[in-house]
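Read the numbers this way: they start at 1 and go in the same order the structure lists the ligands and their atoms. One is the number of the first residue; the rest follow in order along the sequence. This is a predicted model, so every value here is computed, not measured. When reading the values below, keep in mind they use all heavy atoms of this one structure, side chains included, and skip hydrogens, waters and symmetry mates.
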Amino acid sequence: GLARFPFVRDLSGFDFAAQPSLDKAQIRELSTGRFIANGEAVLLLGPPGVGKTHLAVALGREAIVAGYTVLFVPATTLVAQLAKAHQDCRLEERLTHYGKPKLLIVDELGYLPFEPDAAHLFFQLVSRRYERGAMLVTSNRPVGEWGTVFGDAVVATAILDRLLHHSHVVTIRGDSYRLREKRRSGLLQ
Ligand code: ADP
Ligand code: MG
């Protein structure tokens, strides 16, 4: 199937030594796809540039190799498409579309705050997939700030309640890999 990854990355290309806060064994466990078979959620949290999207794509590739259907979608695209579908009275169709893949990867939640309406649409998607399909969500905001991200503390709590119920939370602390590369090449002090 078409996973729509934004770039090609794999686990062998991930420099774990550069990210000591990351539990390599946990990532290896996630790469088995067991969380997908169990319909669980993975949250990849951390500041920009620490490899969240890289890991999301790499785990998505592993999932495809293991025979799962995978769809990758940036959070802003997902929410825009749900809002458009809602407007066109085709929300059900869109929810079915995003409900289908065994693994749905939602990348970069929280870079832009949601409209209150969008928060509710995202909630409907999470409810649709809950205990049926796995989700992997990356975010630069800790879950404690999701109320602000969603612009609605009640909806954010309901979303987190479902996402965190059967979940694997991977928090990456550390420096941006992009800046580290720049620093190395002397472009930054
Ligand atoms: P984030 O999604 O957390 O903002 P990305 O995954 O987009 O960060 O990483 C930024 C760039 O740096 C990408 O090209 C990615 O492949 C690379 N990168 C980040 N961390 C690592 C790492 N530990 N090893 C190898 N490449 C990395
Ligand atoms: Mg990213």
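Note on Glu108: its N/O/S atom closest to the Mg ion (ligand 2) is OE2.
Of all atoms in ligand 1, numbered sequentially from 1 with element shown, those under 4.0 Å from a heavy atom of Arg9 are 13 (C), 14 (O), 15 (C), 16 (O). Close contacts of ligand 1 with Gly51, meaning ligand atoms under 4.0 Å from a residue heavy atom, involve 1 (P), 3 (O), 5 (P), 6 (O), 8 (O), 9 (O), 19 (C), 20 (N).
For a threshold of 3.5 Å applied to N or O pairs, the pair formed by Thr53 and ligand 1 contains at least one separation below that value. By the 3.5 Å distance cut-off applied to N or O atoms, Val50 is counted among the residues near ligand 1. Residue-to-ligand polar distances keep Phe7 apart from ligand 1: every N/O pair is separated by 3.5 Å or more. Residue contacts with ligand 1: Pro48 is placed with no nitrogen or oxygen under 3.5 Å of a nitrogen or oxygen of the ligand (distance criterion only). The distance criterion of under 3.5 Å between nitrogen or oxygen atoms is met by Arg178 with respect to ligand 1.
When distances to the Mg ion (ligand 2) are checked against a cut-off of 2.8 Å, Thr53 contributes an N, O or S atom below that limit. Among the atoms of Asp107, no N, O or S atom is found under 2.8 Å from the Mg ion (ligand 2).
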* To do: Output, in order, the C-alpha distance, side-chain angles, deciding distance and verdict of side chain to side chain donor-acceptor pair (under 3.5 Å) for His165 and Tyr130.
  => CA-CA 9 Å; His165 185 202; Tyr130 179 60; 2.3 Å; yes
* Would Asp23 and Arg28 count as a salt bridge (charged side-chain N to carboxylate O under 4.0 Å, His left out) if you check the C-alpha gap in whole Å, the side-chain angles of each, and the deciding distance to 0.1 Å? -> CA-CA 9 Å; Asp23 182 353; Arg28 199 176 298 119; over 6 Å; no
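Here the heavy atom of the protein found nearest to atom 15 (C) of ligand 1 is His54 ND1, 3.4 Å. In terms of protein heavy-atom proximity, atom 23 (N) of ligand 1 is nearest to Asp15 O, 3.0 Å.
Between Tyr98 and Arg128 there is no side-chain heavy-atom pair separated by less than 4.5 Å. Using a 4.5 Å cut-off on side-chain heavy atoms (C-beta onward), Val50 and Lys52 make contact.
Leu43 pairs with exactly one of Val170, Thr171, Val143 by the side chain to side chain contact (heavy atoms under 4.5 Å, CB included) rule, that one being Val143.
With a 4.0 Å heavy-atom cut-off, ligand 1 is reached by the side chain of Tyr177 but not by its N, CA, C or O.
Taking only non-hydrogen atoms, the option from Ala56, Gly49, Gly13 nearest to atom 1 (P) of ligand 1 is Gly49.
With hydrogens and angles disregarded, no donor-acceptor distance shorter than 3.5 Å links the side chain of Arg94 to the backbone of Ala83.
If you look at Phe7 and Phe5, their ring centroids are not closer than 6.0 Å.
Leu55 CG to Leu22 CG: the interatomic distance, rounded to the nearest 0.5 Å, is 6.0 Å. Interatomic distance, Met135 CE to His166 NE2, rounded to the nearest 0.5 Å: 14.5 Å.
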